[in-house]
Amino acid sequence: MQDDYRENFDAIERAWQERWRCTRAAAAPRIPGRRKFYCLEMLPYPSGRLHMGHVRNYSIGDAVARFYAMRGYDVLHPMGWDSFGMPAENAAIKHGTHPARWTNENIAAMASQLRRLGFAYDWEREIAAHRPAYYRWTQWFFLKMLERDLAYRSRRLVNWCSSCQTVLANEQVEGGRCWRCESEVGRRELDQWSLRITAYAEELLADLASLPGWPDKVLAMQRNWIGKSEGAMVRFPIVEAGGAPGGEALEVFTTRLDTIYGCTFCVVAPGHPILARVEAGGRHRARLDEFLGRMGNREVARPGAAPEEKEGVDTGIEVVNPYSGARVPVHVANFVVMGYGTGAVMAVPAHDQRDFEYATRYRLPIRTVVLDERGIPAASPPSAMVEDGRLTESGPYTGKGSEEARREMLRAGEKAGMARPLVQYRLLDWGISRQRYWGTPIPVVYCNACGVVPVPESDLPVLLPEDVALTGEGGSPLARLASFVETRCPRCAGPARRETDTMDTFVDSSWYFYRYCDPSNEKAPFDPEVVAAWFPIDLYIGGIEHATLHLIYSRFFAKVLRDLGLLRLDEPVRTLLCQGMVLKGGSAMSKSRGNTVDPDEMVRRFGADTTRLFTLFAAPPEKDLEWNEQGVEGCFRFLEKTWRLLAPRFTTLARAPFPAPGDGGDDPRRAALRRKIHQTIDKVTVDLEKRLHLNTPVSALMEMLNAMQDFVSEFREGDDPYLKEAARTLALLLQPLAPHMSEELWSRLGGEGSAGRQPWPEARPEWLREDEVEIVVQVNGRLRGHLRAAVSLTEDEAIRRAREDARVEAHLAGRTIRKTIYLPGRLLNIVAQ
RNA sequence: GCCGGGGUGGCGAAACUGGUAGACGCAAGGGACUUAAAAUCCCUUGACCCUCUGGGUCAUGUGGGUUCGACUCCCACCCCCGGCACCA
């Protein structure tokens with residue numbers, strides 16, 4: 001049965017996918033002068049199977065890409081693979097396969113799933129991070145950064161995930177846990193490579209203002225993450241054994257220099273170098289050691305740890321407040337972290353909540369130095385007075401406002417050499433060394449004679465060796481491979497050792513979208529001219545989880561590439577769309593929860609069009625989407641109804657002529673149908689182009705189909721051309737949302753070529769305009785009646801007509817009309833009292 | 001605590017620059033077709049009330065305000081979700 005969609009959808013979809021595969025154009029270059037649209041979805045990690053989150057992400061992107069193609073844009077819509085990373089290595093350890101094999105098989109499987117969903121990607125531009133032709137350039141960028149001192153090696157305290165056996169960047173620690181495996185993250189001191197993202201901190205922050213197309217949420221998260229604070233670095237000279245201040249000082253960072261006269265002690269983090277001064281065997285030493293011992297491993301900063309009760313001990317060290325001259329004790333306590341500022345703070349209990357709590361607990365003096373605007377000391381347990389105000393008991397600054405005092409105190413402090421202005425960021429440099437195998441090798445060697453030597457560009461790529469033993473025992477697998485490690489120094493030809501750490505995979509994904517523009521360039525990562533023609537990315541779609549990961553790294557890379565002369569813009573992404581999660585039973589789909597829905601099964605039961613349609617229809621893109629199988633059936637029914645209505649008429653409609661543009665106006669049914677067609681075109685176009693709403697276009701098409709059904713239910717001689725016009729329009733409007741149905745309808749209705757290559761239909765103003773409209777009649781703003789009239793109806797005439805309505809008149813009874821508000825063609829409001 | 005986003009029927013949602021609140025879909029109820037079921041088609045469906053082929057009142061988290069008119073703008077508050085967090 002040809003008119004049974006249920007029997008036919010699979011064959012229809014497969015046939016079109018086959019045709020798309022054969023007819024796909026060779027990687028199209030930009031045509032100068034034409035408008036371009038770069039539509040990009042975040043590239044997936046090749047885990048082996050698509051999940052519904054992918055399907056949703058790509059359905060949104062594909063709809064937009066197909067729409068812009070029909071609107072006459074040159075569209076770039078590529079796909080690739082973020083194919084380095086730990087899961088491949090873990091799978092290899094577990095199953096005894098090689099990560100490369102596992103990865104390549106997964107890519108093949110997922111690519112075929114993507115094809116079965118009918119996504120229109122330009123596969124000739126496909127890239128994969130693990131292919132040498134790609135990671136060669138990842139290494140090249142690293143060398144360029146090394147040249148510019150944007151990559152450096154240092155011994156630093158790093159986040160260590162013992163389960164993943166590797167270092168994590170700060171961005172990869174979430175609430176003290178590993179972003180991938182959720183195990184608790186420890187700290188280790190290691191030599192590792194970092195990228196100097198902090199060199200761009202100010203610009204990364206400032207340029208957020210130039211991204212109106214980004215969600216406020218992401219802008220806020222990045223602003224937060226960069227965490228700029230302006231303040232002062234102040235030197236507190238250390239009192240030496242003899243009792244006089246010596247040359248050495250404790251440096252503290254403060255944003256509240258105005259409160260410094262209220263500093264009654266200082267606090268350093270456990271692990272602060274000043275603690276070495278506490279004499280062995282002294283009474284302070286014993287208590288200090290007891291305290292540090294109790295802190296256990298946590299003698300160093302733990303980003304993301306939950307606040308706990310303030311606890312600390314007096315170190316016996318004293319420092320001098322350079323402003324007031326007061327001698328204050330130095331404590332070590334658990335609420336100061338080593339990873340921010342200098343790991344030391346001046347404590348002003350009257351005006352800082354943490355200091356207040358600590359001082360209260362240990363009965364340390366609390367000195368009020370800022371009064372509120374009424375001149376009242378406002379610190380009262382359990383809270384410190386943390387607002388700005390007017391200074392008191394602050395020597396020459398008494399009586400000044402906080403703001404002014406900060407300025408003047410800083411100026412004076414600078415002159416005296418005891419303070420200097422400092423802008424502090426929360427953002428830290430990006431540690432990229434990973435002690436794992438399946439990643440881009442870091443292209444440097446260590447020579448006994450020459451030290452750290454970059455691998456010459458001409459020797460790139462440093463190939464990742466294949467014959468490696470993956471045991472999962474820890475330590476970098478490459479380090480155990482002599483044939484890789486042992487090499488010659490490129491500078492002196494003497495014996496040297498290769499770096500055996502690999503790069504964080506976020507390095508790979510920080511520049512991939514440029515490579516799509518010029519995917520097979522062997523001389524450079526890309527031709528700047530070609531990239532300039534396609535950039536910026538017009539729409540970038542992905543999950544919010546990358547707000548302070550990929551999306552901040554990519555912005556950093558863009559700025560570096562710009563400074564290398566490869567890029568002509570400051571920001572790579574114009575509009576960012578963060579799609580919501582796909583939920584089932586109220587929570588995110590996950591294997592561990594057992595609430596996943598398999599895309600393949602959906603495609604088998606309902607087809608790609610239905611699966612895609614549902615992910616677009618069920619919720620606006622940025623909201624979470626609750627998977628609802630009955631909703632899926634609803635979308636299937638829509639396609640089924642479309643098919644049932646048109647399939648029996650394919651031959652007739654294919655042969656029928658189109659109505660002339662002005663025809664049908666004299667027949668209310670035909671006029672209504674044509675009006676609906678053009679209103680639908682208008683609605684779908686505006687929603688796709690201006691609002692990026694994808695649920696309402698689906699509704700609009702459902703409404704249009706309902707109108708077509710009504711039209712057919714009273715079908716008359718000579719109606720064919722009108723139905724044909726509606727059906728052909730429906731076929732085209734469906735292209736972004738349900739492309740297979742779109743193509744099938746188009747060809748069965750006698751359309752030439754592919755529906756996807758047709759120009760997008762245009763709403764004709766003469767059919768959008770309704771000659772006779774319904775005008776709402778209100779009395780005192782409340783709906784009391786309607787009248788059908790021409791748009792040109794005058795206000796007086798409208799009032800006269802409205803008052804013919806008994807209902808309106810009843811509400812006016814006994815009242816005087818004060819005024820009327822008339823919106824021609826819309827509404828009449830009679831205000832009466 | 002700070003920052004961001006939200007609170008609309010039984011549910012997912014819609015309402016463009018303030019102008020008919022609830023489009024579209026799901027679910028539910030009733031009916032037609034059928035021996036029956038499925039499928040399909042038609043009707044009803046925010047709540048309450050009345051003198052019930054009609055009409056009224058209330059209703060978009062709560063309380064105020066602006067306006068002829070407020071889901072939409074302003075003020076205050078409550079709740080939910082997300083992010084950050086001893087950041088000095």
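In what follows, every chain begins at residue 1, and chains take the letters A, B, ... in the order their sequences are listed. The model shown is predicted, which means the values in this text are computed figures rather than measured ones.
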### Task
Could you tell me which nucleotide pairs with B:C71 by Watson-Crick or G-U wobble geometry, both distances under 3.5 Å, or answer none if nothing does?
none
### Message
Using a 4.0 Å heavy-atom cut-off, does A:K228 contact any base of the nucleic acid, only the sugar-phosphate backbone, or nothing at all?
### Response
nothing
### Letter per nucleotide, 5' to 3', of nucleotides 1-14 of chain B [B base touched, S only sugar-phosphate touched, - untouched; heavy atoms, 4.0 Å]
--SSS------BSS
### Message
Quick test of your reading of the model: are A:E202 and A:K228 salt-bridged, counting only N-O distances below 4.0 Å?
### Response
yes
### Task
Give one of base, sugar-phosphate or nothing for A:G227, where a contact means two heavy atoms less than 4.0 Å apart.
nothing
### Query
If you check the A:R637 side chain, which of B:C87, B:U40, B:A88 turns out closest?
B:U40
### Summary
As its Watson-Crick or G-U partner within any shown strand, both distances under 3.5 Å, B:C87 has none
### Query
So, is B:G56 syn or anti if syn means the angle is within 90° of 0?
anti
### Query
Would you call A:R256 and A:V370 a side-chain contact if the rule is heavy atoms closer than 4.5 Å?
yes
### Query
Mind telling me whether B:C52 is syn or anti, cutoff 90° either side of 0?
syn
#### Entry: B:A88 OP1/OP2 closer than 4.0 Å to side-chain N/O of A:S229
yes
### Task
Identify which nucleotide among B:A88, B:G19, B:C86 has an atom closest to any side-chain atom of A:N334, counting heavy atoms from C-beta outward.
B:C86
### Query
B:U57 pairs with which nucleotide, Watson-Crick or G-U wobble, both distances below 3.5 Å?
B:A47
#### Entry: Interatomic distance, A:L583 CG vs B:C81 P [rounded to whole Å]
13 Å
## Note on the structure
Atom CD1 of A:I830 and atom C1' of B:G19 are separated, to the nearest Å, by 15 Å
#### Entry: Flag for A:Y553-A:T548: side-chain donor and acceptor within less than 3.5 Å
no
### Ring-face cation contact, A:F614 with A:R56, 6.0 Å cut, 45° max
no
### Query
Looking for any heavy atom pair under 4.0 Å, which part of the strands does A:V345 touch: base, sugar-phosphate only, or nothing?
base
### Message
Categorize A:N706 for me: base, sugar-phosphate, or nothing, with a 4.0 angstrom heavy-atom threshold over every strand shown.
### Response
sugar-phosphate
### Task
Could you check which nucleotide pairs with B:A39 in any of the strands shown, counting Watson-Crick or G-U wobble with both distances under 3.5 Å?
none
#### Entry: Parallel, tilted or perpendicular: rings of A:Y5 and A:F636 (30°, 60°)
tilted
### Length of the CZ-P vector between A:F253 and B:C86, whole Å
16 Å
### Message
Ring centroids only, cut at 6.0 angstrom: are A:F9 and A:W643 within range, meaning strictly under it?
### Response
no
### Task
Using a 4.5 Å cut-off on heavy atoms from C-beta on, say whether the side chain of A:T259 contacts that of A:L257.
no
### Task
Sugar-phosphate atoms are those with a prime plus P, OP1 and OP2; base atoms are the rest. Using that split, label each nucleotide of nucleotides 50-59 of chain B B, S or - for protein heavy atoms under 4.0 Å, 5' to 3'.
-----SSSS-
### Message
What is the separation between atom CD1 on A:I775 and atom P on B:G69, rounded to the nearest whole Å?
### Response
21 Å
### Query
What class does the angle between the rings of A:F335 and A:Y358 fall in, given that below 30° is parallel, 30 to 60° is tilted and above 60° is perpendicular?
tilted
### Message
From CG of A:N170 over to P of B:C84, roughly how many Å is that when rounded to an integer?
### Response
12 Å
### Summary
Here the distance between atom C1' of B:C26 and atom CZ of A:F636, to the nearest Å, is 17 Å
### Query
Picking from B:C86, B:C41, B:A27, which would you name as closest to the side chain of A:Q630?
B:A27
### Message
Need one value for A:V336: base, sugar-phosphate or nothing, where a base atom within 4.0 Å counts as base even if backbone is also close, heavy atoms only.
### Response
base
### Message
Check this for me: does any side-chain nitrogen of one of A:R605 and A:E629 sit under 4.0 Å from a carboxylate oxygen of the other?
### Response
yes
### Message
Of the options B:C87, B:C68, B:U20, whose atoms approach the side-chain atoms of A:R354 most closely?
### Response
B:C87
### Query
Which whole number of Å gives the distance between the C1' atom of B:U72 and that of B:U17?
11 Å
### Query
To the nearest Å, how far apart are A:L812 CG and B:C68 P?
18 Å
### Query
If pairing requires Watson-Crick or G-U wobble contacts with both distances under 3.5 Å, which nucleotide is the partner of B:G4?
B:C81
### Message
From CD of A:E309 over to C1' of B:C86, roughly how many Å is that when rounded to an integer?
### Response
13 Å
### Query
If you look at every heavy atom in A:F67 and A:L688, which pair is closest and at what distance?
CD1-CD2, 3.5 Å
### Task
Kindly write out the residues that satisfy side-chain hydrogen bond (donor to acceptor under 3.5 Å, both in side chains) with A:Q424, not counting sequence neighbours, or none if the list is empty.
none
### Task
Please examine the side chains of A:I260 and A:R406, heavy atoms only from C-beta on, and report whether any two atoms are closer than 4.5 Å.
no
### Task
Look through every strand shown and name the nucleotide pairing with B:G9 as Watson-Crick or G-U wobble, where both distances are under 3.5 Å.
none
### Message
Tell me whether the side-chain N or O atoms of A:K690 pair up with the base of B:C16 as donor and acceptor below 3.5 Å, since no angle test is needed here.
### Response
no
#### Entry: Between B:G63 and B:G55 - P atom distance, rounded Å
30 Å
